[in-house]
Amino acid sequence: MDDFLVVEQNLLAELVREIMELPYEDLPDWRLLHHRLAGVDVTRGLLAEHELDRAAETLRSLLLRRAHAMSEQRFRSPDTMLRTVLPSGCELDHSYERNMTASHLEARLAAAVAEHVPTGWALESVAFSSGMAALTHVLQSLIHMTHPTEAHPLKIAYWGDYFETDLLLEYLASSAVSHKKIPPSALTDPASFSGADVLLVEPVRYSRTLDVLPLRRWLRAWAQDPARPRVVIADTTLISPAWPMRQVLEAMAGRDAVTFIEVRSALKLDQQGLELANLGVANVLHHQGMVGGVPRAGELAKVLRLVRGVTGAGPSAADIAALDAPFLFRPAWHRRHAGQVYANNRYVAERLATVSGVFSSVVHPSLASENDIIRDAPFVIIELAEDSAEDSVANHGFVLGVLRHVAATRGIRLVHGASFGFRSHRFDAVIPRVSQPRGLLKFAAGSRRGPFLDAAADILAEIGRVAGMDALRALYPDVKEIPLLPPEADAEEQS
């Protein structure tokens with residue numbers, strides 16, 4: 001157990017040292033943090049992990065404080081005679097903040113993915129304020145550039161389940177833009193996407209079953225279809241460092257003109273679990289030997305940057321300053337952090353795989369033997385045995401209350417909050433659509449292995465083995481259900 005905490009201690013110290021190599025006026029604070037980390041006695045178990053957890057939060061706070069100190073020197077419409085240079089040498093240079101170019105950040109993002117791009121492919125990386133902003137602007141720009149009509153609509157085929165993407169496609173739908181959803185098992189049949197102009201896929205579907213893209217069979221089906229989509233978009237938010245970009249591009253090379261676009265939220269796995277700034281990325285690629293029929297990378301990127309400036313959908317000055325840390329967007333750091341997140345979630349999934357009682361099943365790609373290349377996800381889905389429309393919300397809310405209570409009594413840091421990819425661990429239950437009030441329980445293991453994670457897995461297993469919800473309520477009579485729906489939604493459901 002001590003070895004796991006030593007790993008975290010050393011990683012945090014290495015992050016701090018990299019920041020100290022770019023001197024700034026706050027250097028004494030970083031030296032103090034480095035000294036504090038060296039003094040953590042990892043043999044103290046829970047107490048040591050609490051210290052490391054607080055040290056990671058201090059690291060984040062210092063970076064954000066530095067970013068705000070630099071960005072606050074400039075108005076949103078700044079005096080262009082004043083210069084603000086970040087420790088990396090990047091200069092904040094803009095007439096209006098909403099149309100910042102983000103060129104230095106985009107160069108770093110492009111360099112991070114370039115090693116996975118085969119020879120002959122052109123690459124443009126475009127930064128946005130979020131992953132959904134990136135996807136929205138990509139789809140809207142494709143609509144703008146292809147000029148669809150009611151007689152010749154733009155057809156989008158979607159293999160995925162993220163509820164916000166569902167809402168976005170509904171929002172964009174018109175007589176000139178149509179979309180269809182491909183069932184989980186149908187993507188290897190060319191008929192599921194044949195004739196579509198755009199194919200949008202989630203390599204791991206954000207659903208109760210976390211269905212995984214059957215990569216080899218899908219690429220074969222795509223290549224064999226003469227009416228295949230010429231624009232392919234992959235939302236790799238859940239598996240960005242594990243996405244086999246080179247393999248996908250090599251399979252697409254030599255075909256008719258095709259534009260491939262990777263979009264993702266880079267707030268999660270890209271930022272060492274620190275969530276420093278909202279960021280979305282669109283990596284736009286086309287093979288330089290292909291001509292005609294689809295927007296080329298440079299053309300699409302030019303439109304994306306233009307419209308991003310008009311709508312204010314790019315990173316802010318404070319965001320760019322916060323993301324100036326030298327370890328961000330370096331492939332080795334990205335893979336290391338994400339790899340630890342994936343390994344820890346596999347560990348939790350294996351621990352819970354045979355648990356039954358309150359829990360009916362545990363879902364994670366590593367537990368499905370048929371998955372070929374993609375076998376990871378940054379969280380585990382836990383299904384409750386009693387999950388009907390009538391009791392789903394209440395039962396999920398009570399399980400959340402029990403998790404909060406037991407974690408507190410055992411002295412571990414277990415965050416009740418959304419998202420994934422942090423250094424610490426968290427749990428949450430969501431209602432993807434209020435009109436269909438079924439809960440979705442998630443446990444997102446972070447990158448740090450130690451007593452907290454083992455205790456969290458123990459707690460989940462104990463809850464999951466209880467004979468049913470009545471028995472769980474009897475065990476914890478003083479625990480209150482956590483509300484999952486706002487009061488107005490409850491009223492709508494009852495009316």
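Residue numbers count from 1 along this sequence.
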With sequence neighbours excluded, give me every salt bridge (charged side-chain N to carboxylate O under 4.0 Å, His left out) pair touching [range].
range	value
residues 170-179	Glu170-Arg433
residues 417-431	Glu8-Arg423
residues 178-187	Asp161-Lys181, Asp166-Lys181

Arg230/Asp197 ion pair, N-O < 4.0 Å: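 Looking at Asp197 together with Arg230, the answer is no, because their closest N to O distance does not fall below 4.0 Å.
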Using 0.5 Å steps for rounding, measure from the [atom1] atom of [X] to the [atom2] atom of [Y].
X	Y	atom1	atom2	answer
Arg216	Gln247	CZ	CD	6.0 Å
Ile374	Asp211	CD1	CG	12.0 Å
Leu200	Ile233	CG	CD1	5.5 Å
Leu238	Tyr206	CG	OH	7.0 Å
Leu306	Ser141	CG	OG	8.5 Å

By salt bridge (charged side-chain N to carboxylate O under 4.0 Å, His left out), which residues pair with [X], not counting sequence neighbours?
X	value
Arg264	Glu262, Asp270
Glu462	Arg410
Arg217	none
Glu106	Arg305, Arg308

Test ring-ring contact (aromatic ring centres under 6.0 Å, His included) applied to His137 - qualifying residues, sequence neighbours left out: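 Partners of His137 by the ring-ring contact (aromatic ring centres under 6.0 Å, His included) criterion, ordered by chain and then number, come out as Phe128.
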His144: ring-ring contact (aromatic ring centres under 6.0 Å, His included) partners, not counting sequence neighbours: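 Scan of His144 (ring-ring contact (aromatic ring centres under 6.0 Å, His included), adjacent residues dropped) gives none.
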Kindly say whether [Y] contributes a backbone atom to a donor-acceptor pair with the side chain of [X] at under 3.5 angstrom?
X	Y	value
Glu299	Arg296	yes
Asn99	Val310	no
Asp235	Glu202	no

Pairwise ring pair (Phe, Tyr, Trp, His ring centres under 6.0 Å) hits with a residue in residues 429-459, at least two apart: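 Qualifying pairs: His50-Phe452.
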Contact list for residues 221-269, test ring pair (Phe, Tyr, Trp, His ring centres under 6.0 Å), sequence neighbours left out: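 Listed once each, the pairs would be none.
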Mind listing the side-chain donor-acceptor pairs of residues 349-359 below 3.5 Å, one per line with the distance, residues two or more places apart or on another chain?
residue	atom	partner	partner atom	Å
Arg351	NH1	Tyr347	OH	3.0
Arg351	NH2	Asp458	OD1	2.5

Enclosure of His152 NE2 (heavy-atom neighbours >12, cutoff 6.0 Å):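 Not more than 12 within 6.0 Å, no.
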Could you tell me whether the side chains of [X] and [Y] share a donor-acceptor contact shorter than 3.5 Å?
X	Y	answer
Ser192	Asp189	no
Asn278	Ser130	no
Lys268	Ser419	yes

Intermediate values then yes/no, side-chain contact (heavy atoms from CB on, under 4.5 Å), Phe398 and Ile482: CA-CA 6 Å; Phe398 189 75; Ile482 306 298; over 6 Å; no
Closest contact, heavy atoms only, Ile261 versus Thr259: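 Closest pair (atom of Ile261, atom of Thr259, distance): CG1-CG2, 3.9 Å.
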